[in-house]
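So that we are looking at the same thing, I have put the structure below in structure tokens.
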Amino acid sequence: MKMNNNHPYHLVDYSPWPLTGSIGAMTTTSGMIMWFHKNEMYLFQLGMIINLLTMYQWWRDITREATFQGKHTMKVVKGLKMGMVLFIISEVLFFASFFWSFFHSSLAPTIELGMLWPPQGIKTFNPMEIPLLNTMILLSSGISVTWAHHSLMNNSHFQTKLALIITVTLGILFTYLQSYEYQEASFCISDSIYGSTFFMATGFHGIHVIIGTTFLAVCLIRHMNYHFSKSHHFGFEAAAWYWHFVDVVWLFLYISIYWWGS
């Protein structure tokens, strides 16, 4: 019996990138262990190269099937949206574990910490300096990415490009200021539970900012190549959702760890 292929669904073609991505992730994490314990970075650098090459080629294939092959139908996009929502929920739970650890330790400091929070000897950051500036930067980037979305919906190519350039620039500036803050820190990740929770929570958020900035930079390149339209732009929409999630997590980090926790 002849099969009817006229359906709105899309099964992905055979792809090597999940395998190479897994190898890259394993190499990167193994390299981080060698970096921390033996101060050797070659395995970590190899893992990052594998990850970057995988990301480029995987995104290339997805862009091709979405933009040029017409495989991302309304049914497929609906599934992609549900997948992105579930991914962001998993990220919320991921950061909830860090906040749980922080509040568990700060609301009832143990005798090993001197029953004080912050622990004795920890000189915390002034929340009114770089942390407040970074808060304003991220909030401004949330406004600019919303501006980009509305401009795209109104078919304004130039304004969408301008707003995305501003958003990506603000993301890079945030990362630079956070790295500067880390360099000036008077404590490290091994300085009691305060150092551990501070650098784990803010560090992972910083990684998410880098990922979100990369995501939006790819969207900027795609937009300049006219891959998006008023009715077909889920790649950008997913990036905007992710960026708003990053903004909200930072607000909780700033209020909890930088302001209240210090």
Side-chain angles (χ1 to χ4, degrees), residues 12-64 83-84 86-88 90-102 105 125 130 134 168-169 171-222 235 238-239 242-243 245-246 249-250 253 257:
V12 295
D13 300 326
Y14 290 114
S15 173
W17 311 131
L19 176 61
T20 60
S22 301
I23 293 171
M26 182 182 69
T27 306
T28 302
T29 51
S30 301
M32 290 178 71
I33 294 171
M34 289 190 65
W35 179 19
F36 293 161
H37 290 278
K38 295 188 176 182
N39 202 28
E40 296 177 355
M41 292 188 65
Y42 66 90
L43 193 62
F44 173 75
Q45 292 168 344
L46 175 63
M48 291 302 297
I49 291 171
I50 295 172
N51 285 332
L52 290 172
L53 289 173
T54 299
M55 288 162 56
Y56 171 77
Q57 292 171 106
W58 204 343
W59 283 343
R60 177 205 62 192
D61 290 353
I62 294 172
T63 299
R64 182 186 295 144
M84 191 66 192
L86 292 173
F87 170 67
I88 291 176
S90 73
E91 292 283 271
V92 170
L93 297 175
F94 176 76
F95 277 98
S97 65
F98 294 137
F99 285 109
W100 185 290
S101 174
F102 175 78
S105 304
F125 291 103
I130 289 181
N134 265 346
V168 171
T169 303
I172 294 171
L173 180 58
F174 177 94
T175 302
Y176 169 76
L177 288 173
Q178 190 170 39
S179 67
Y180 175 78
E181 183 182 65
Y182 279 7
Q183 292 171 13
E184 297 296 314
S186 61
F187 57 92
C188 65
I189 195 169
S190 58
D191 282 332
S192 77
I193 188 65
Y194 184 90
S196 299
T197 53
F198 177 87
F199 282 106
M200 284 293 287
T202 60
F204 268 109
H205 177 269
I207 292 171
H208 282 70
V209 170
I210 294 171
I211 293 170
T213 304
T214 306
F215 202 171
L216 288 167
V218 171
C219 288
L220 173 61
I221 294 169
R222 292 189 63 192
Y242 187 83
W243 196 251
F245 158 75
V246 168
V249 170
W250 175 257
L253 283 172
I257 295 178

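Source: prediction; values computed, not measured.
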Are any side-chain N or O atoms of D191 and backbone N or O atoms of C188, one a donor and one an acceptor, separated by less than 3.5 Å? yes
Looking at Y182, I want to see if its OH is surrounded by more than 12 non-hydrogen atoms of other residues, nucleotides or ligands under 6.0 Å. yes
Show the nearest heavy-atom pair for residues I88 and F245, with the distance to one decimal. CG2-CD1, 4.0 Å
Straight-line distance of I49 CD1 to F44 CZ, nearest 0.5 Å: 10.5 Å
Using atom types as modelled and distance alone, determine if a side-chain donor or acceptor of S101 lies under 3.5 Å from a backbone N or O of S97. no
Compute whether any side-chain donor of one residue and acceptor of the other, for T54 and T20, lie under 3.5 angstrom apart. yes
Is there a donor-acceptor pair closer than 3.5 Å between any side-chain N or O of T197 and the backbone N or O of Y194? yes
Please round to the nearest 0.5 Å and tell me the distance separating atom CE of M200 and atom CD1 of I257. 11.5 Å
Contact check, side chains of N134 and W250, non-hydrogen atoms, under 4.5 Å: yes
Is there side-chain contact between W243 and V209, with heavy atoms separated by less than 4.5 Å? yes
Would the F95 and H208 ring centres measure less than 6.0 Å apart? yes
Donor-acceptor pair, distance only, cut-off 3.5 Å: does the side chain of S196 make one with the backbone of I193? no
When rounded to the nearest 0.5 angstrom, what distance separates NE2 in H205 from CD in E91? 11.0 Å
Main chain of T202, side chain of Q178: is a donor-acceptor contact present, judged purely on distance under 3.5 Å? yes
Would you kindly say whether T28 and N51 are connected by a side-chain donor-acceptor distance under 3.5 Å? yes
Look at the aromatic rings of F98 and F204 and report parallel, tilted or perpendicular, splitting at 30° and 60°. parallel
Spacing of CD1 belonging to I189 relative to CZ belonging to F198, to within rounding of 0.5 Å: 10.5 Å
Kindly compute the distance separating OG1 (T213) from CG (L220), expressed to the nearest 0.5 Å. 12.0 Å
If you count the non-hydrogen atoms of other residues, nucleotides and ligands that lie under 6.0 Å from CZ in F94, is the total more than 12? yes
Rounded to the nearest 0.5 Å, how far does OG1 of T175 lie from CD1 of I210? 5.0 Å
